[in-house]
Amino acid sequence: MTEQAQGAAALHAVIADAASGIALALRGEGDPYALTRTLPQEDALSPAAVRVLGADALAPYALDGGRGADGAGSADAAMVRQALAAFPPGDDPAAVSTWSYRGLVEATRALLPAHAAQLPPAPDPADGWLDTDPWPRLSHRVSQLASLALPGLAGALTDRLSGRTEDLARGFVRAVRRRDWQQAAGLGRWLSRLPQTPPSLGLDSGLRFVQQMSGDPRAAVHLTAARAFFGRGR
């Protein structure tokens, strides 16, 4: 295995372990959540994992309005700032990268409010694709932004996606049929939040099916968030 492949495998393992901890916390199980207990500060891969997980790195704090304001808040905020500084969107960023960066900034402001003044400004991501992307590409991108489907976060994005609920429902069905469990879980999480998701979709049974079939820790975060925050998939 090449050094690059070894690094990618190590990062994947760190992300998977962190996602398992986040899902556990969203179920209300285990020790009280802290980002820096889930991703050790001394691990060089932790900032990259935070950047990949995005707003979900802080999602358990949204369960009660911000437990991150306790003693762990300062260390958690420092880790987020490190991730934001190390992995900015870049000069010609993909829309998903910019949206996820913005979501991490917004989540930190909302859930670690005592440290909001120390954060970089949230960028203004491109949004034309929300209206123009065909449904398969839209579904792919939106599933990658599932961490933004948190209460009080990304309200403007949620409003825009409400107009394309049917396209996302179509994408959810396609992902389930293709056994793309992570995309199905991400889209299912968004559909759990959107107010116009059609009852004919059978979203709750669909989410339960994805949960039974998927062993992916990040998919588990999306499915648990859909249940914990929006009451879907029970």
Side-chain angles (χ1 to χ4, degrees), residues 1-63 67-68 72 75-90 93-94 96-97 99-101 103-105 107-108 111-112 140-150 175 178-189 207 210-228:
M1 184 181 292
T2 67
E3 183 175 346
Q4 184 176 8
Q6 288 175 334
L11 177 59
H12 179 79
V14 170
I15 293 168
D17 285 346
S20 296
I22 292 166
L24 188 71
L26 289 174
R27 291 195 294 269
E29 302 172 3
D31 296 329
Y33 180 79
L35 175 59
T36 44
R37 285 195 289 268
T38 303
L39 285 167
Q41 291 175 290
E42 63 273 13
D43 192 331
L45 295 176
S46 290
V50 171
R51 183 68 173 90
V52 172
L53 291 164
D56 275 338
L58 302 175
Y61 294 147
L63 288 174
R67 283 178 295 176
D76 285 1
M79 182 176 285
V80 171
R81 289 196 302 272
Q82 186 179 2
L84 293 170
F87 304 102
V96 167
S97 177
W99 275 103
S100 64
Y101 187 94
L104 181 56
V105 173
T108 310
L111 299 172
L112 300 175
H140 175 69
R141 284 175 154 174
V142 169
S143 71
Q144 293 179 307
L145 295 175
S147 66
L148 276 66
L150 285 172
R178 296 177 66 181
R179 296 178 174 266
D180 187 342
W181 306 125
Q182 188 163 320
Q183 184 173 124
L187 288 171
R189 178 174 174 178
L207 290 172
V210 174
Q211 183 174 17
Q212 291 173 357
M213 299 299 294
S214 173
D216 182 85
R218 294 190 67 197
V221 171
H222 299 324
L223 296 165
T224 309
R227 186 180 306 113

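We're numbering straight along the sequence, starting at 1.
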key: Separation of Gln144 CD from Leu187 CG (nearest 0.5 Å)   = 10.5 Å
ask   = At what distance, to the nearest 0.5 angstrom, does NE2 of His140 lie from CG of Asp180?
value = 9.0 Å
Which atom pairs, donor and acceptor, lie under 3.5 Å between side-chain atoms of residues 45-53 and protein residues at least two apart or in another chain?
from, atom 1, to, atom 2, distance (Å)
Ser46, OG, Pro40, O, 2.7
Ser46, OG, Asp43, O, 3.4
Arg51, NE, Phe87, O, 2.7
Arg51, NH1, Ser100, OG, 2.9
Arg51, NH2, Ser97, O, 3.1
Arg51, NH2, Ser97, OG, 3.1

query = Between NE2 of His222 and CG of Leu207, what distance do you get to the nearest 0.5 Å?
reply = 12.0 Å
request  = With rounding to the nearest 0.5 Å, note down the distance linking CG in Leu150 to CG in Asp56.
outcome  = 6.0 Å
key: Distance-minimising heavy-atom pair for Ala57 and Pro60   = O-CD, 4.5 Å
task = Could you tell me the separation between the CG atom of Leu145 and the CZ atom of Arg141, rounded to the nearest 0.5 Å?
result = 9.0 Å
Review item, side-chain donor-acceptor pairs of residues 19-27, under 3.5 Å, at least two apart:
from, atom 1, to, atom 2, distance (Å)
Ser20, OG, Ala16, O, 3.1

note = Minimal heavy-atom distance between Ser147 and Arg189, with the atoms involved, is O-NH2, 3.7 Å
task = For the residue pair Leu63 and Tyr33, establish whether any side-chain heavy-atom pair is separated by less than 4.5 Å.
result = no
request  = Write out all pairs satisfying salt bridge (charged side-chain N to carboxylate O under 4.0 Å, His left out) with one or both partners inside residues 14-26, taking only residues at least two apart or from two chains.
outcome  = none
note = Looking only at heavy atoms, the pair that brings Pro89 and Tyr101 closest together is CD-CD1, 3.6 Å
query = Between atom CG of Leu223 and atom CD of Gln182, what is the distance when rounded to the nearest 0.5 Å?
reply = 10.5 Å
note = Residues Trp181 and Val210: closest non-hydrogen pair is O-CG1, 3.9 Å
